[in-house]
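Below: one structure, written as structure tokens.
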Amino acid sequence: MEVTEEQLEEQVERLLSGQGSEVIGCDLGLEQSKPASLRKTVTYIVCAVIFNEKEEVLMVQEAKQDCYKQWYLPAGRVEVGESLEEALRREVKEEAGFDCEPVSLVLIQEQGPQWIRFIFLANVTGGSLKNLSAADKESLQASWWDRQSVLPLRGRDILRLIDCGLKYRRDPGHPATLPVDLSCRHVVQRLVLVFTGAEEQIWILLVRDPAFHLPTAAALKTHAVTWAANMVVRDAVPSAYCDHDVNTLGAFSLQHNGRQHGRTDGVCFNTLVVLAPDHVRRNEDGEKVERPETGRPPPVENPRYAWHQVQGRTLREKLLEKTRNTSILPVHSLY
């Protein structure tokens with residue numbers, strides 16, 4: 001089926017607004033990627049950042065022997081058959097005693113497709129604070145922490161997560177972003193890969209077959225999830241790859257279902273990726289060289305791909321604004 005330029009730009013608009021789009025196929029990396037399967041090929045962690053009216057953060061005291069009596073944010077592994085939000089609610093209830101409702105994802109951290117942590121800002125909607133009389137294998141108790149008093153932490157990594165949640169609570173840096181209920185078999189990155197030229201022109205890289213669409217690449221076990229963007233650029237413009245920076249700015253949205261174990265355990269990250277000329281260019285001897293800026297994207301060398309110059313004024317302005325202000329959900333690699 002032929003896809004018009006208008007339809008393509010409408011799809012990009014939907015992704016920018018936080019919606020999803022069904023993953024029909026994968027353009028790159030599938031032969032090197034295994035289907036996502038919880039407890040086998042992928043581990044997903046959900047983590048809740050919850051504040052009270054005093055901006056104290058909800059903490060739980062660990063019951064596990066290797067971190068006994070230390071404190072941490074409510075967090076845990078997603079179980080088979082759960083959505084990310086269902087896992088979040090369960091963990092907060094089990095460990096802290098509260099019912100909660102997620103507000104937005106504030107950060108995603110990953111170490112490749114095999115370990116991804118989803119950090120949510122959430123609000124208490126019911127229940128009561130867990131005390132020592134309710135101690136079990138999930139946690140000993142829960143408490144509100146003012147972030148100033150001394151507290152033995154299980155890990156200082158949560159300090160950054162708390163800061164992210166507090167920053168978003170006070171001044172949201174991106175629209176509220178919650179998982180879209182669409183299934184995916186692999187962990188993949190869908191790219192809105194843009195090149196900005198002179199006079200605020202902007203181009204998007206497309207795959208031609210079977211009809212024009214945004215590139216989708218499978219995450220590889222040996223690399224960060226967002227390395228998929230580098231794979232696409234190297235496949236499309238190999239000669240220009242070393243002369244350009246490939247920067248995944250973040251995710252407009254992510255898609256997950258998880259109801260059918262081994263078939264829908266995957267995640268699709270709908271991402272904004274910027275391709276920009278490297279400021280420092282060198283020849284084969286390592287010497288700096290002057291190369292004129294053309295103001296246009298590097299020509300594609302693989303006939304599978306094509307550049308599309310954005311025509312819609314509203315879409316062009318939205319993409320330019322997001323590339324400048326990075327007002328989307330951050331995705332950080334811990335590699």
Side-chain angles (χ1 to χ4, degrees), residues 2-16 21 25-29 188-218 223-252 269-284 288-328 331:
E2 186 175 345
V3 177
T4 66
E5 291 183 354
E6 185 177 356
Q7 289 172 323
L8 276 168
E9 295 196 5
E10 286 175 356
Q11 182 191 14
V12 176
E13 287 264 20
R14 289 195 299 272
L15 294 180
L16 261 66
S21 180
C26 187
D27 301 301
L28 210 60
V188 302
Q189 181 183 4
R190 178 187 279 133
L191 285 64
V192 177
L193 191 153
V194 301
F195 183 96
T196 303
E199 300 178 359
E200 298 192 332
Q201 296 171 310
I202 195 162
W203 288 264
I204 298 175
L205 185 67
L206 301 176
V207 178
R208 292 179 179 274
D209 296 322
F212 281 111
H213 62 275
L214 297 170
T216 301
H223 292 77
V225 169
T226 52
W227 179 254
N230 295 69
M231 293 165 52
V232 169
V233 173
R234 191 158 52 183
D235 193 45
V237 289
S239 297
Y241 175 70
C242 292
D243 295 330
H244 289 76
D245 290 325
V246 183
N247 187 9
T248 297
L249 298 184
F252 302 118
F269 294 88
N270 296 314
T271 60
L272 177 60
V273 182
V274 172
L275 182 68
D278 195 344
H279 295 300
V280 178
R281 301 184 180 186
R282 300 179 184 275
N283 61 21
E284 294 179 354
K288 291 184 180 181
V289 295
E290 293 290 334
R291 296 185 187 177
E293 298 288 349
T294 65
R296 300 183 63 84
V300 294
E301 300 166 59
N302 186 331
R304 294 181 64 204
Y305 298 90
W307 287 106
H308 165 70
Q309 186 173 352
V310 176
Q311 301 300 314
R313 178 180 175 182
T314 301
L315 177 59
R316 185 170 66 251
E317 290 175 349
K318 286 181 180 179
L319 286 170
L320 288 169
E321 187 271 331
K322 288 189 179 295
T323 57
R324 290 166 181 163
N325 300 324
T326 321
S327 53
I328 53 178
V331 181

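Note that this is a predicted model, so its numbers are computed, not measured.
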Spatial distance of atom CG (D235) from atom CG (N230) [nearest 0.5 Å]
12.5 Å
Can you tell me how far the OG atom of S21 sits from the CZ atom of R14, to the nearest 0.5 Å?
6.0 Å
Does some side-chain heavy atom of L272 sit less than 4.5 Å from a side-chain heavy atom of V194?
yes
What one should report as the nearest heavy-atom pair of A228 and A218 is CB-O, 4.2 Å
Any chance you could measure R324, atom CZ, to L319, atom CG, to the nearest 0.5 Å?
11.0 Å
What is the distance from atom OH of Y241 to atom CG of L275, rounded to the nearest 0.5 Å?
10.5 Å
List the steps, then state whether side-chain contact (heavy atoms from CB on, under 4.5 Å) holds for V207 with V232.
CA-CA 10 Å; V207 178; V232 169; over 6 Å; no
Please check: side-chain N/O of T271 versus main-chain N/O of R190, any donor-acceptor pairing under 3.5 Å?
yes
Distance in Å, E321 CD paired with T326 OG1, rounded so as to fall on 0.5 Å steps:
9.0 Å
When you compare the side chain of L16 with that of L315, does any pair of heavy atoms fall below 4.5 Å?
yes
Do E9 and K318 meet the salt-bridge criterion of a basic N to acidic O distance under 4.0 Å?
no
K322: which residues meet the salt bridge (charged side-chain N to carboxylate O under 4.0 Å, His left out) condition with it, sequence neighbours left out?
none
Those residues that, when tested against E10, pass side chain to side chain donor-acceptor pair (under 3.5 Å) (two or more places apart)
none
Taking the side chain as every heavy atom from C-beta outward, state whether L8 and L206 have any atom pair closer than 4.5 Å.
yes
Please find the pair of heavy atoms, one from Q311 and one from R316, that lie closest to each other, and give the distance.
O-NH1, 3.5 Å
Is there a side-chain contact between V331 and V225, using heavy atoms and a 4.5 Å cut-off?
no
Is Q189 reaching over with its side chain to a backbone N or O of A229, donor-acceptor style, under 3.5 angstrom?
yes
How far apart are the C-alpha atoms of I204 and V12, what are their side-chain angles, what is the distance that settles it, and do they pass the side-chain contact (heavy atoms from CB on, under 4.5 Å) test?
CA-CA 10 Å; I204 298 175; V12 176; 4.1 Å; yes
For L205 and W307, run side-chain contact (heavy atoms from CB on, under 4.5 Å): C-alpha distance rounded to whole Å, both residues' side-chain angles, the deciding distance at 0.1 Å, then the answer.
CA-CA 5 Å; L205 185 67; W307 287 106; 3.8 Å; yes
Can you give the donor-acceptor pairs under 3.5 Å from side chains of residues 208-217 to other protein atoms, not counting sequence neighbours?
residue, atom, partner, partner atom, Å
R208, NE, P303, O, 3.1
R208, NE, Y305, O, 3.3
H213, ND1, A211, O, 2.7
H213, NE2, D27, OD1, 2.9
H213, NE2, D27, OD2, 3.2

Compare all side-chain heavy atoms of R296 with those of W203 and state whether any distance is below 4.5 angstrom.
yes
Report the C-alpha distance between T196 and V274 in whole Å, list the side-chain angles of each, state the deciding distance to 0.1 Å, and finish with yes or no for side-chain contact (heavy atoms from CB on, under 4.5 Å).
CA-CA 8 Å; T196 303; V274 172; 5.7 Å; no
Which atom names give the shortest non-hydrogen contact between P277 and F195, and what distance separates them?
CD-CE1, 3.9 Å
Measuring from L28:CG to L191:CG, what's the distance to the nearest 0.5 Å?
10.0 Å
